[in-house]
Amino acid sequence: MTCARRLFSLSRAVVGHCTLDSMRWSQTFIPTLKETPADAEIVSHQLLLRAALVRKLTGGLYTFLPLGLRALRKVERIVREEMDRAGALEVFMPALQPPEIWQQSGRYVTAREVLYKVRDRADKEWLLGPTHEEVITSLVAGEINSYRQLPKNFYQVQTKFRDEIRPRFGLMRAKEFIMKDAYSFDVTDQAAQVSYQKMYDAYTRIFQRCGLRTLPVEADTGVIGGKFSHEFMVPAETGENEVVYCETGPYAANLEKAVSQGPLTPCPLADTGHEPERFATPGVLTIEALSQAPYHVPASAQIKTLVYMVKPFGSEDSHPVAILLRGDDQLNEAKLAGPLGSNVFRPATPEEIFLVLGAHPGSLGAVASRLPTQAAALPVFADEALRGAAGMTTGANEDGYHVRHVNLTRDVRVTHWADLRTVRVGERCVVSGQPLKIRRAIEVGHVFKLGTKYSEALNARYLDETGVSRPCVMGCYGIGVTRTLQAIVEQSNDKDGVRWPVAVAPYTVLITPLNVAPESPGMQLAERIYADLATRGVEVLLDDRDERPGVKFKDADLIGIPLRVSIGEKSLARGEVELKPRGGAMTAAKAEDAVARVLEWLHEAEASRAT
RNA sequence: CGGGCCGUAGCUCAGCCUGGCUAGAGCACUUGGUUUGGGACCAAGACGUCGCAGGUUCAAAUCCUGUCGGCCCGACCA
C-alpha cells in the first residue's frame with residue numbers, strides 16, 4: 001500500500017478536482033452511434049457525433065452532451081490554469097453589447113459581415129459579441145488612470161457569436177462557439193512586447209498540455225488590426241488555413257502573410273531597347289491563351305493587371321486602383337490592406353473597369369502611354385517581383401490588343417511598390433534559403449500585438465510618471481476552445497474511434513466487467529476497483545450495462561477513454577484483470593494489484609507528458 | 001450570394017426515371033426466449049402529415065410550380 005500512498009498525490013491534471021467525480025454508464029447519457037451521420041464530412045466531426053460528445057441543433061449550433069462537456073471542461077481548466085499562471089486576471093463580460101462602442105472603434109463597419117444584430121422592444125439595436133476588444137477597453141478607460149496600475153491582462157472564457165456565411169465541420173466553424181480571449185494593457189511598446197511573449201509562452205504550454213502538436217506561425221492581423229501576430233496551427237489535411245513553412249529553419253507563416261525570396265524564375269530584366277509595341281491578339285483574354293501558339297509569351301514575362309475598388313476608412317465612396325502582378329503570380333488579398341490603407345475593398349466589376357480604363361478584363365494594361373485621360377491619376381500598385389522587369393508583355397488597354405517590349409521602370413507609372421503575391425511551394429525561404437513547403441492546418445489560437453488602435457478610439461489612457469496622458473498599448477489573445485477540442489479529436493483518433501490524450505479525456509479510466517450481475521465475482525471486483533479509484537480522485541467510468549462484450553469493447557474504443565480495465569471470467573479464474581491502454585497492448589494484472597497498477601499507469605502517463 | 005445535390009421511421013438508405021393494391025429494408029427501440037471475450041440469433045411488436053403549400057390527374061412519395069430546410073463546391077471570413 002505504500003506504493004498506492006505515494007501515488008495518491010497525483011496532480012490535479014490527471015485525477016480531477018472532485019474526489020467522487022465518477023459515473024456508471026447506465027446512469028449517464030452516452031448515445032453512441034454505430035453508423036456515421038451523413039452530414040459529417042471530416043473524421044473529427046464524425047467522431048464528435050458517434051462518440052456521443054455533441055449533437056447538432058441546426059447548422060453551426062451544437063449541444064454538448066455529458067461526455068463532450070467533460071472534455072470541454074478539461075480544456076477550459078488547462079486554459080485557466082495557464083492564464084492564471086501567466087498573471088492574467090479572469091473576468092466575465094456581457095455577450096450582448098451596445099453598437100455605440102463598435103462605432104467608436106470603427107468596427108461597426110469593418111466587422112459588419114460577422115455581427116449578429118438584435119433589437120429590443122424599443123427597437124434599439126444590440127450586438128451579440130463576436131469578440132470583446134471594445135468592452136474591455138471601455139472598462140479600462142473607466143478604471144485605469146495611472147501607470148502605477150499597469151500592466152494588466154484580463155481574460156474570460158465565453159460564448160462568442162459570429163454570423164458565419166457557411167458554418168461547417170461541426171465545431172470548427174460555428175455560429176456560436178466558446179473562446180478564451182485575453183487583453184493586455186501596457187505603458188509602452190516594449191512592455192507590451194513582454195506581455196505578448198508571456199501569452200505566446202502560455203499558449204505553447206496550453207496546447208502541449210492538451211496533447212496537441214501545434215505550429216506557431218506569423219499571421220495576418222485581419223479585421224482586428226494591429227502590428228503583428230502569431231497563429232497557433234494544428235497541422236491537419238482538413239484544416240481551412242494554409243501554412244508556409246521551412247523544414248530546416250524557424251520560418252513559418254500563414255499563406256496570407258508568407259513571403260519568400262520571390263519567383264523561382266526571375267523576370268526578364270534586359271531592356272530589349274525597343275519601345276512598347278502594340279500588337280493584335282483577337283480573342284485572347286487570359287494569361288494562358290497568350291502563352292500558347294501563336295504568341296508564346298511565357299506567363300512569367302507577362303504583367304497581370306487587376307482593378308480593385310477601395311473604400312478608405314471613414315469614407316462612403318470607393319475609388320479604383322490598378323494592381324500589377326507577374327502573369328504567373330496570384331494576388332494575395334490579405335497583403336493588399338496594408339498598402340491600400342484600408343481593408344474595405346473588392347474586385348471592380350467589368351462595367352467599373354471599362355469606365356476607368358476604357359477596356360474590358362483580358363485586355364487591361366497600365367502602360368502610361370496607353371491609359372485614357374480619366375485614368376491619369378489612377379493609383380498603380382505593383383508587386384515587388386516586377387521591379388526592374390523589362391521586355392514584358394501586357395494588355396494594351398484596348399480590347400483585342402496587347403503591348404510588348406514593356407519596361408516597368410520606363411513605361412509604367414507605378415505609384416506604390418509592395419509585396420502582393422502569394423508564395424508558391426518550393427520558393428526559397430527568406431531566412432534559410434531552403435525550399436518552402438505548404439500544408440493545411442487548423443487555427444486554434446491567435447496572439448496579436450494591437451498597439452493603441454482601441455485605446456485611442458475608446459479613450460483608455462493613463463498618466464505616466466511625468467503627468468503626460470498616453471494611450472495604453474494593447475495586445476489581444478484568443479483561443480478557440482471548442483475548436484481546440486475538435487482539433488484534438490482530429491489529431492487523436494484511429495479507425496476504432498477517439499484516442500483521448502489523458503489530460504483532456506472525459507474520464508481517465510473505464511472499467512468493463514463482462515458479467516454485470518450484482519452477485520457475480522467479476523461485478524463485485526469491478527465495484528471495488530471503481531470505488532477505490534473514485535475515492536482516490538481518479539475520474540472513472542464503470543460500464544455496468546448488461547451488454548454483450550463486443551458491444552462494450554466497440555463502445556469503449558469509440559469513446560476513447562485512455563485506460564480500460566476489463567474484468568472477464570477467463571482471466572478472473574486466474575485471479576487477474578486486464579489493463580488495456582486505448583490503442584496499446586493488453587497486460588494482465590493481479591486483481592489485488594489492479595488499483596495500484598492503474599495509479600502507476602496514470603502517473604507514468606503524466607510523467608511522459610511533462611517536459 | 002452563384003453553381004451542384006438532397007429532403008421517405010430516431011439513424012443509414014431503397015422506392016421516384018416509367019403515377020396505381022396496405023410505403024419498404026438494415027440498424028436502433030419494446031416484449032419473450034436462446035445467447036454471452038470484439039457492434040448476436042429467433043419470434044412478436046411499436047414507430048411515417050413521404051419537408052411544406054399549391055397544381056395536373058379517376059389516382060401523386062412518384063409529374064409540374066412555388067417555398068422552406070440541409071449538404072457539397074465557390075465567393076466571404078477571428
Side-chain angles (χ1 to χ4, degrees), chain A residues 31-42 45-46 49-50 52 55-61 107 110-115 129-133 160-170 172-181 219-226 229-233 240-241 254 256 333-334 337 343-347 442-448 450 476-483 495-497 512-517 520 522 543 545-559 564 566-573 576-578 580 586 588:
Chain A
T32 56
L33 301 176
K34 194 186 293 188
E35 290 175 284
T36 303
D39 58 358
E41 283 288 300
I42 65 177
H45 186 192
Q46 294 168 355
L49 296 164
R50 291 226 296 133
R55 281 292 183 269
K56 182 168 83 166
L57 173 63
T58 183
L61 299 174
R107 287 206 295 183
T110 55
R112 68 184 180 286
E113 307 271 291
V114 300
L115 284 175
T131 173
H132 282 74
E133 280 80 7
K160 309 289 183 188
F161 299 88
R162 264 177 221 181
D163 188 359
E164 290 290 345
I165 299 172
R166 181 146 86 95
R168 63 185 120 173
F169 302 145
M172 286 294 182
R173 179 164 293 268
K175 295 180 174 181
E176 182 186 313
F177 58 97
I178 297 174
M179 176 160 135
K180 186 287 302 173
D181 47 328
D220 183 65
T221 51
V223 173
I224 286 211
S229 76
H230 288 86
E231 290 166 333
F232 286 78
M233 296 290 199
E240 296 190 79
N241 288 271
N254 191 309
E256 294 180 339
E333 286 200 355
N343 53 22
V344 185
F345 54 80
R346 59 172 173 81
I442 300 161
E443 178 190 357
V444 288
H446 203 158
V447 293
F448 293 83
L450 277 181
C476 73
Y477 318 93
I479 289 180
V481 179
T482 39
R483 182 185 283 184
K495 65 174 173 45
D496 295 315
T512 308
L514 298 187
N515 183 349
V516 296
S520 71
D543 188 355
R545 295 174 302 166
D546 186 12
E547 287 284 358
R548 300 168 60 82
V551 173
K552 295 185 151 203
F553 292 146
K554 286 290 185 188
D555 267 346
D557 288 343
L558 183 55
I559 69 170
R564 189 179 87 202
S566 304
I567 303 171
E569 245 94 273
K570 290 177 187 168
S571 51
L572 199 56
E576 291 176 343
V577 300
E578 289 154 4
K580 186 176 183 305
M586 178 114 64

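This one's a predicted model, so the numbers in the text were calculated from it and none came from an experiment. To find a chain, count down the sequence lines: A is the first, B the second, and so on, and within it residues start at 1.
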**Asked** Which nucleotide, B/G26, B/A78, B/G39, lies nearest any side-chain atom of A/E443?
**Response** B/A78
**Message:** Could you tell me if the side chain of A/E133 sits less than 4.5 Å from the side chain of A/L450, heavy atoms only?
**Reply:** yes
**Message:** In whole Å, I'd like the distance from the CG atom of A/L33 to the P atom of B/C29.
**Reply:** 12 Å
**Asked** Between B/C77, B/C76, B/A78, which nucleotide gets closest to the side-chain atoms of A/V114?
**Response** B/C77
**Prompt:** Can you tell me how far P in B/G55 sits from the matching atom in B/C71, rounded to whole Å?
**Reply:** 32 Å
**Prompt:** Does the A/R173 side chain pair with the main chain of A/R168, one donor and one acceptor, at a distance under 3.5 Å?
**Reply:** no
**Asked** With rounding to whole Å, what would you report as the distance between B/A61 and B/G24 at their P atoms?
**Response** 13 Å
**Complete:** Taking for A/R545 and for A/R173 the nucleotide of RNA chain B with the nearest heavy atom, the one nearer the 5' end belongs to A/R545
**Request:** Measure distances between side-chain N and O atoms of A/E578 and base N and O atoms of B/G37, and say whether any donor-acceptor pair falls under 3.5 Å.
**Result:** yes
**Message:** Tell me whether the side-chain N or O atoms of A/E569 pair up with the base of B/G37 as donor and acceptor below 3.5 Å, since no angle test is needed here.
**Reply:** no
**Message:** Tell me whether the side-chain N or O atoms of A/R564 pair up with the base of B/G38 as donor and acceptor below 3.5 Å, since no angle test is needed here.
**Reply:** yes
**Message:** Taking the minimum atom-to-atom distance to the side chain of A/K554, which one of B/U35, B/G37, B/G39 wins?
**Reply:** B/G39
**Complete:** Checking N1-N3 plus N6-O4 or O6-N4 for Watson-Crick, or N1-O2 and O6-N3 for wobble, each under 3.5 Å, the partner of B/G48 is none
**Item:** Inter-nucleotide C1' distance (B/C1, B/A59), Å rounded
**Value:** 41 Å
**Message:** In whole Å, measure the gap between the P atoms of B/G19 and B/U62 for me.
**Reply:** 12 Å
**Asked** If you measure from the Lys or Arg side-chain nitrogens to the Asp or Glu carboxylate oxygens, is any gap between A/E176 and A/K160 under 4.0 Å?
**Response** no
**Request:** Please determine, for the side chain of A/F448, which listed nucleotide (B/G70, B/C27, B/A78) has the closest atom?
**Result:** B/A78
**Complete:** Closest of B/A40, B/G37, B/C72 to the A/P549 side chain is B/G37
**Message:** Looking at B/C71, which nucleotide sits across from it as a Watson-Crick or G-U wobble partner, both distances under 3.5 angstrom, or is there none?
**Reply:** B/G4
**Request:** Write down the partner of B/C27 under the Watson-Crick or G-U wobble criteria, each distance required to be under 3.5 Å.
**Result:** B/G10
**Prompt:** Who does B/C41 pair with, Watson-Crick or G-U, both distances under 3.5 Å?
**Reply:** B/G33
**Asked** Do other residues, nucleotides or ligands put more than 12 heavy atoms under 6.0 Å from the CD atom of A/E569?
**Response** no
**Message:** Tell me if the centroids of the rings in A/F448 and A/H446 come within less than 6.0 Å of each other.
**Reply:** yes
**Message:** For the C1' atoms, the ones on B/G38 and on B/G33, what distance do you get once it is rounded to whole angstrom?
**Reply:** 24 Å
**Nearest-angstrom distance, P atom, B/G10 to B/U30** = 16 Å
**Asked** When you compare B/G26 with B/G39, how far apart are their C1' atoms, in angstrom units rounded to a whole number?
**Response** 14 Å
**Prompt:** Of the nucleotides B/G39, B/G37, B/C77, which one has an atom closest to the side chain of A/M586?
**Reply:** B/G37
**Fill in**
To the nearest angstrom, the CZ-C1' distance between A/R548 and B/G38 comes to 10 Å
**Request:** Among the candidates B/C71, B/A78, B/G38, find the nucleotide nearest to the side-chain atoms of A/K56.
**Result:** B/C71
**Item:** Nucleotide forming a Watson-Crick or wobble pair with B/A60, both distances under 3.5 Å
**Value:** none
**Message:** Using the side-chain heavy atoms of A/K34, tell me which of these nucleotides is nearest: B/C27, B/A40, B/U12.
**Reply:** B/C27
**Message:** Going by purine N1 to pyrimidine N3 plus the second Watson-Crick contact, or the G-U wobble pair, all under 3.5 Å, which nucleotide sits opposite B/C76?
**Reply:** none
**Message:** Donor-acceptor pair, distance only, cut-off 3.5 Å: does the side chain of A/R483 make one with the backbone of A/E443?
**Reply:** yes
**Message:** Using atom P in both nucleotides, what's the gap between B/G69 and B/G51 to the nearest angstrom?
**Reply:** 16 Å
